[in-house]
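Single-structure report; data block below.
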Amino acid sequence: MNQEDPLPTNFIMEQVRSDLDKGKTATVVTRFPPEPNGYLHLGHAKAICLNFSLASQFNGRCHLRLDDTNPSKEDKQYIDAIKRDVKWLGYDWGDHLYYASDNFDQLYQMALSLIEAGYAYVDDLSAEEIREYRGSLTAPGRESPSRNRTREENILLFERMKNGKFADGEKVLRAKIDMSSGNINLRDPVLFRILRTPHPRTGTLWKIYPTYDFAHGQSDAIEHVTHSLCTLEFEDHRPLYDWLLEKLPVPSRPRQFEFARLNMSHTVLSKRNLMRLVDTGRVTGWDDPRMPTLSGLRRRGVPPEAIRNFISKLSVSKREGVVELAAFEFEIREYLNQHAERRLAVLKPLKVTIENYPPGKSEQVTASNNPKDENAGTRLLTFSREIYIERDDFMEDPPKKFFRLGPGREVRLRFSYYLKCKEIVKDQLGNVTELRCSYDPETKGAPPPDGRKVKGVIHWVSALDAVEAEVRLYNPLFSDEAPGKEGNVEDQIDIESLKVINGCKIEPSLANVTVGNAIQFERNGYFCVDNDSRPERLVFNRTIALRDSWTKAKAD
RNA sequence: AGGGGCGUAGCCAAGCGGUAAGGCAACGGGUUUUGAUCCCGUGAUGCGCAGGUUCGAAUCCUGCCGCCCCUGCCA
């Protein structure tokens, strides 16, 4: 994964370069440390790309570390999903898969050494009391009565915590730092807590678990991580991160650097909100194609390359902002335009009978698979007397700038002939049910001898070999720019975010497309086969529509 | 008694004392058998505000203002 677009420089790269130049470190080791308590989303993608590409640019390495220090929230199912998603994004951690839980024993020993050094103590205070003693943002905290226990007593108590002699929450191990610090993280933070919940990996072996603050920096040190990247809300934790590394017998000295997390318009990117959407059943699951999860984007047909390009163009800074959805959509189209093969598919079919084309006759026309890629080759399409065109490509009473079909109008059928509308057939309700047209046999793949021009080119499918399919059209989950700012996200879902169309007529070659392949339905958008698709019932997802200046112009 | 961050175009963002990169969006124009793609063009006399230092300031100094984060035994 070395061949990415050149990354714009950013403050973290500059830091690394300078550390290398000054000899502060010989190699670069980063890590992506998700907690296995949910599915990865676009926000994680930023962290993944950042950590992996930073390491690869400097010929270092990036670890995947599952930060599994809280068994009450974590679950095994998430671990596999996380690994699968990171791989799908295009990154490889090689042999460097780690778990914070691998370090439980070492962390316990380190805690012991902190106690020995007089920097930690077992506290009897309840959770509520600790909160009370902590003080407030503007008032200093008070020292716990347990703060001055002897080392011996602390060690004994800590051992008993470990051996399950106390109930959950009865005691905690705290660092002894400064209850009057302006930084609340330094007011004797909790290092270990009692939790009888079985752990997905260590089972019932442990009755106590380290907190994030105690586990993270030390795990970084144990893995010899050099640059530990995290998001802005951990800036306040850095003094504690450094304090622990200084006091503990650690094998290396990692440093923490913070960057702004990704926010995107019309999207929610917090585990809490995504979980709500899933739990309330407002989406079909974590992999609903409308979800900004990696599994959702994958099912939607968004190529991992597009995600990587998007992230790499964002650059990295400490400014909290909101990236417009359009910037992401641009990268999806950009990639798909180069790589997706083109096919003809009629979403809302309108039957056309070509009166001057002999009944029973058919012929083949050649169609380019991808004008952007000569190697993609060509394919043959059947042309016949009866075809389907898009309902939206016909208007009985067209406005001035409408270039498509209308009574007496002529257009080109893509890759084949000129077609002229002679007559409209309607049902009793006045709905247009069929068009009777004529074609010009002298226009097959070439301009007519008389040089007349048509402005419109429309797609079509022969009634002879068209295949039926279901197509699911997606729009952003939220029409609101900043969903969830107030109120519940699940109540803000745009009902237009999913439209299912049945009875679409698509060219037969589309029946052979497999999951994971991107296809452009010409003039419509980029599509992929959904997991729900079966040979007898094809289902396609629209990844994203083509840019459309026509409907935009119409709206003005 | 508070602590930690951040302010450059609608959005993202370079810039590191020498006279405001780039991308997205938007808007014009051209090409086109996808109203797509592609190509060309248009935007900050000004960098949160006010002072100061300097020949010269988005960059240095001072003071304001605005926004975000922190009082889980979550991460």
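Quick note on labels: first sequence line is chain A, next is B, and so on, each numbered from 1. In this text the structure is predicted, and so the values were computed from the model without any measurement.
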How long is the line joining [atom1] of [X] and [atom2] of [N], in whole Å?
X	N	atom1	atom2	answer
A:Lys318	B:rC69	NZ	P	16 Å
A:Asp168	B:rC74	CG	P	10 Å
A:His459	B:rU32	NE2	P	22 Å
A:Asp178	B:rC70	CG	P	21 Å
A:Glu132	B:rC73	CD	P	13 Å
A:Asn10	B:rC16	CG	P	16 Å
A:Glu320	B:rC70	CD	P	10 Å
A:Leu344	B:rU34	CG	P	12 Å

*Using the glycosidic torsion, which applies to B:rG72: syn (within 90° of 0) or anti (everything else)?*
syn
Within the 4.0 Å heavy-atom criterion, would you say [X] contacts the bases, only the backbone, or no part of the nucleic acid?
X	value
A:Gly456	nothing
A:Gln520	base
A:Tyr209	nothing
A:Val172	base
A:Asn70	sugar-phosphate
A:Phe234	base
A:Lys455	nothing
A:Ser265	nothing
A:Ala260	nothing
A:Gly169	base
A:Val365	nothing
A:His237	base
A:Leu125	base

Does OP1 or OP2 of [N] have a side-chain N or O of [X] closer than 4.0 Å?
X	N	result
A:Arg547	B:rA25	yes
A:Arg134	B:rG72	yes
A:Arg261	B:rA75	no
A:Ser126	B:rC73	no
A:Arg187	B:rC70	no
A:Arg131	B:rG72	yes
A:Ser315	B:rG23	no

Out of [options], which has the shortest distance to the side chain of [X]?
X	options	answer
A:Leu546	B:rA36, B:rU37, B:rU71	B:rA36
A:Arg414	B:rU34, B:rA25, B:rA75	B:rU34
A:Leu137	B:rG2, B:rG35, B:rU34	B:rG2
A:Asp236	B:rU37, B:rU33, B:rC70	B:rC70

Which value, in whole Å, describes the distance between the [atom1] atoms of nucleotides [N] and [M]?
N	M	atom1	result
B:rC60	B:rG4	C1'	24 Å
B:rU32	B:rC6	C1'	47 Å
B:rG66	B:rC49	C1'	10 Å
B:rC11	B:rA26	C1'	11 Å

Heavy-atom donor-acceptor pair, [X] side-chain to [N] base, under 3.5 Å:
X	N	result
A:Arg523	B:rU34	no
A:Arg342	B:rU34	yes
A:Glu324	B:rG10	yes
A:Glu14	B:rC16	yes
A:Asp548	B:rG35	no
A:Arg238	B:rG4	no

_Using the rule given for side-chain contact (heavy atoms from CB on, under 4.5 Å), can you reason through A:Leu419 versus A:Leu405, listing the C-alpha separation, both sets of side-chain angles and the distance that settles it, and then say yes or no?_
CA-CA 9 Å; A:Leu419 182 81; A:Leu405 213 51; 4.0 Å; yes
Distance under 6.0 Å and angle within 45° of ring axis: [X] vs [Y]:
X	Y	answer
A:Lys171	A:Phe166	yes
A:Lys420	A:Tyr439	no
A:Arg412	A:Tyr417	no

_Taking the six-membered ring for Trp, are A:Phe192 and A:Phe214 closer than 6.0 Å centroid to centroid?_
yes
*asked:* Tell me whether A:Tyr212 and B:rA75 count as stacked here, given that the ring centres must be under 5.5 Å apart and the planes must differ by less than 30 degrees.
replied: no
_A:Lys444, NZ: over 12 other non-hydrogen atoms inside 6.0 angstrom_ = yes
_Counting C-beta onward and ignoring hydrogens, is there a side-chain heavy-atom pair between A:Ile544 and A:Tyr474 closer than 4.5 Å?_
no
*Is a side-chain donor-acceptor pair under 3.5 Å present for A:Tyr526 with A:Gln520?*
yes
_Is it true that A:His44 and A:Arg261 share a donor-acceptor pair across their side chains at a distance under 3.5 Å?_
no
